[in-house]
Amino acid sequence: MPELPEVEVTRLSFANRIAGARIASVCMGKPLRWPLQCDPRSLENQSVLAVRRRGKYLLLDLSDGVLLIHLGMSGSLTFGPQPGVPGPHDHFDMQTSHGTLRLNDPRRFGAVVFARNESDPVARKLLGKLGMEPLGPDFDVKQFHNGLKRRKAAIKQVLLAGDVVVGVGNIYASEALFSAGIRPTKPACQLSALRAARLHHAILEVLSRAVAAGGSTLRDFSDAHGDAGHFQIQAMVYGRAGQPCKVCGTPIHAIRQGQRSSFFCPGCQKP
DNA sequence: AAAAGCCCCTGGATGC
DNA sequence: TGCATCCAGGGGCTTT
């Protein structure tokens, strides 16, 4: 479910409300991808100072440490008063003076990890190799192109790897490549400066539009209020195998790259 | 160093 | 209706 826009929309939906809250108790459900790395009771009486984001990770700054939250494939966060007893897929429940933060994650690819700070080895292992923030000031065209030049792998897989630029998941990778007119199979290192610049622009544009629209709602995303987005971002290629391209009418192709599906228009996207 | 595969897990859709 | 198979928005780890 969650690519960068969904994570950012989730963050925006509760960051201000949870800021300043005191943690009363933390209740864990089934094991997530990684252990919490601390006794849940050691979080009690700490305050939540702020909620930041790095790639697809949410960072909850506490008075004495930081919680790294990842939503994996199927995770979603809710924050509000009196959520009732945790369900079978609620695996992290944090009661605070401002409400309860709850992680629901059926597949349990998500995680909540405590670290002393961001230089803690625990945090560095998860955040250390992340690439540029596409919506941040450091997303530089030249640096982006340089990053791609070092990689012989297909551009789609380089985008997904997240070590050049973070936050571009399987849906937005296909959409951004369509927008830039580039085949997902194109070796990253073969992109000219012009085409790299087009892709840079497409990533920025696609992701920021999705954030503005309140999360992709390409499927069934809901934010921490539990509200589904009111808007609908139309996919140009993702999930549209066999259907006519909305620009040129050519049937959309679906291929597999690294065990993930990719979609592209053979007419609009040049090899 | 980089690339390719594997795997974690559950649930929904599809096919026989 | 029941059961098997395939697929899903991520990404760390191991092996080439």
Side-chain angles (χ1 to χ4, degrees), chain A residues 1-10 29-35 37 53-58 68-77 87-92 103-113 121-131 146-177 184-190 203 206-207 210-211 213-223 228-229 232-242 254-263:
Chain A
M1 166 204 283
E3 299 187 32
L4 182 145
E6 291 75 26
V7 176
E8 178 64 6
V9 168
T10 297
K30 288 189 195 170
L32 291 162
R33 178 163 193 176
W34 300 296
Q37 304 281 6
R53 180 186 56 74
R54 177 75 178 100
K56 295 172 189 164
Y57 288 90
L58 287 176
L68 312 183
I69 301 180
H70 198 289
L71 303 179
M73 286 277 249
S74 58
S76 61
L77 280 175
H89 300 308
D90 295 326
H91 306 302
F92 176 84
L103 173 67
N104 181 276
D105 186 3
R107 291 177 73 180
R108 292 191 282 127
F109 287 174
V112 182
V113 176
V122 174
R124 295 185 88 139
K125 190 166 168 184
L126 300 178
L127 307 176
K129 294 198 168 170
L130 296 184
N146 285 338
L148 299 185
K149 278 196 276 196
R150 278 181 246 120
R151 308 291 290 274
K152 290 186 202 165
I155 181 62
K156 162 86 176 336
Q157 293 179 265
V158 172
L159 291 180
L160 285 189
D163 47 2
V164 176
V165 58
V166 292
V168 185
N170 206 39
I171 295 178
Y172 295 115
S174 279
E175 294 298 312
L177 286 166
T185 46
K186 181 82 177 170
C189 57
Q190 288 178 18
I203 289 169
V206 166
L207 294 183
V211 172
S216 81
T217 66
L218 281 170
R219 291 226 182 143
D220 52 289
F221 168 73
S222 61
D223 66 18
Q232 190 78 22
I233 297 282
Q234 287 292 329
M236 297 296 280
V237 290
Y238 186 84
R240 300 192 64 246
I255 58 175
R256 300 288 292 178
Q257 291 180 285
Q259 285 88 260
R260 316 294 298 276
S261 55
S262 297
F263 300 86

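Chain letters run A, B, ... following the sequence lines, proteins first and then strands; every chain starts at 1. Heavy-atom basis, side chains included; hydrogens, waters and symmetry copies ignored.
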**Asked** Who pairs with A:Lys156 by side chain to side chain donor-acceptor pair (under 3.5 Å), at least two apart in sequence or on another chain?
**Response** A:Asn170, A:Ser262

**Message:** Would you measure the distance from the P atom in C:dC7 across to the matching atom in B:dG5 and give it in whole Å?
**Reply:** 16 Å

**Message:** Restricting to ring-ring contact (aromatic ring centres under 6.0 Å, His included), what partner residues turn up for A:Phe263, sequence neighbours left out?
**Reply:** A:Tyr238

**Request:** Take atom OH of A:Tyr238 and atom P of C:dC7, then tell me their distance rounded to the nearest Å.
**Result:** 12 Å

**Complete:** In this structure, CG of A:Leu177 is separated from CD1 of A:Ile203 (nearest 0.5 Å) by 7.5 Å

**Message:** Suppose we screen for ring-ring contact (aromatic ring centres under 6.0 Å, His included). Which residues come up paired with A:Tyr57, at least two apart in sequence or across chains?
**Reply:** A:His70

**Complete:** The residue, A:Gly258 or A:Arg150, whose nearest nucleotide of DNA chain B is more 5′ is A:Arg150

**Request:** Can you tell me the distance, in whole Å, between the CZ atom of A:Arg108 and the P atom of B:dC8?
**Result:** 12 Å

Tabulated below should be each protein N or O lying under 3.5 Å from an N or O of nucleotides 12-16 of chain C; please produce it.
from, atom 1, to, atom 2, distance (Å)
C:dG12, OP1, A:Tyr57, OH, 3.2
C:dG12, O4', A:Arg33, NH2, 3.1
C:dC13, OP1, A:Lys125, NZ, 3.4

**Request:** Quickly work out the A:Phe263 CZ to C:dC7 P distance and round it to whole Å.
**Result:** 11 Å

**Message:** For A:Arg54, give me all partners under side chain to side chain donor-acceptor pair (under 3.5 Å), at least two apart in sequence or on another chain.
**Reply:** A:Glu133

**Asked** A:Glu3 has an atom CD; how far is it from atom P of C:dA8, in whole Å?
**Response** 13 Å

Interface polar pairs with nucleotides 11-15 of chain B, N/O, under 3.5 angstrom:
from, atom 1, to, atom 2, distance (Å)
B:dG11, OP1, A:His89, NE2, 2.8

**Request:** Only counting residues at least two apart or in another chain, list the ones meeting side chain to side chain donor-acceptor pair (under 3.5 Å) with A:Arg33.
**Result:** none

**Message:** Which nucleotide wins on minimum distance to the side chain of A:His70, given the candidates C:dG9, C:dC7, C:dG11?
**Reply:** C:dG11

**Prompt:** Taking CE from A:Met73 and P from C:dG9, how many angstroms apart are they, rounded to a whole number?
**Reply:** 5 Å

**Request:** Quick one: pull up CG in A:Leu103 and CG in A:Leu77 and give me the separation to the nearest 0.5 Å.
**Result:** 5.5 Å

**Message:** I need the CG-C1' distance between A:Asp105 and B:dT10, as an integer number of Å.
**Reply:** 10 Å

**Message:** Please enumerate all residues that pass side chain to side chain contact (heavy atoms under 4.5 Å, CB included) together with A:His91, with sequence neighbours excluded.
**Reply:** A:Lys30, A:Leu32, A:His89, A:Asp105, A:Arg108

**Message:** Rounded to whole Å, please give me the gap between CG in A:Leu160 and P in C:dA8.
**Reply:** 13 Å

**Message:** Side chain of A:Lys30 only, heavy atoms from C-beta on: which candidate in B:dT10, B:dC9, C:dG9 is closest?
**Reply:** B:dT10

**Prompt:** Considering residues at least two apart in sequence or located in another chain, which fulfil the side chain to side chain contact (heavy atoms under 4.5 Å, CB included) criterion with A:Ala153?
**Reply:** A:Val158

**Fill in**
With sequence neighbours left out, the residues meeting side chain to side chain contact (heavy atoms under 4.5 Å, CB included) with A:Pro35 are A:Gln37

**Request:** Return the set of residues passing side chain to side chain contact (heavy atoms under 4.5 Å, CB included) with A:Lys149 (not counting sequence neighbours), or none when no residue passes.
**Result:** A:His145, A:Asn146

**Request:** Provide the closest heavy-atom pair for A:Val166 versus A:Gly162 in the form atom of the first, atom of the second, distance.
**Result:** CG1-O, 3.4 Å

**Prompt:** Of all the nucleotides listed (C:dG11, B:dA3, C:dA8), which has the minimum atom distance to the side chain of A:Arg151?
**Reply:** B:dA3

**Message:** Are C:dG10 and A:Phe109 stacked, with the base six-membered ring and the side-chain ring centres under 5.5 Å apart and planes under 30°?
**Reply:** yes

**Request:** Indicate, with a heavy-atom threshold strictly under 4.0 Å, whether A:Gly169 touches base, sugar-phosphate, or nothing.
**Result:** sugar-phosphate

**Request:** Can you tell me, in whole Å, how much space there is between the P of C:dC3 and that of B:dC9?
**Result:** 23 Å

**Prompt:** Which stems does DNA chain C form, counting runs of 3 or more consecutive Watson-Crick or G-U wobble pairs with both distances under 3.5 Å?
**Reply:** B:2-8 with C:10-16, B:10-16 with C:2-8

**Interatomic distance where CD belongs to A:Glu175 and C1' belongs to C:dG9 [whole Å]** = 12 Å

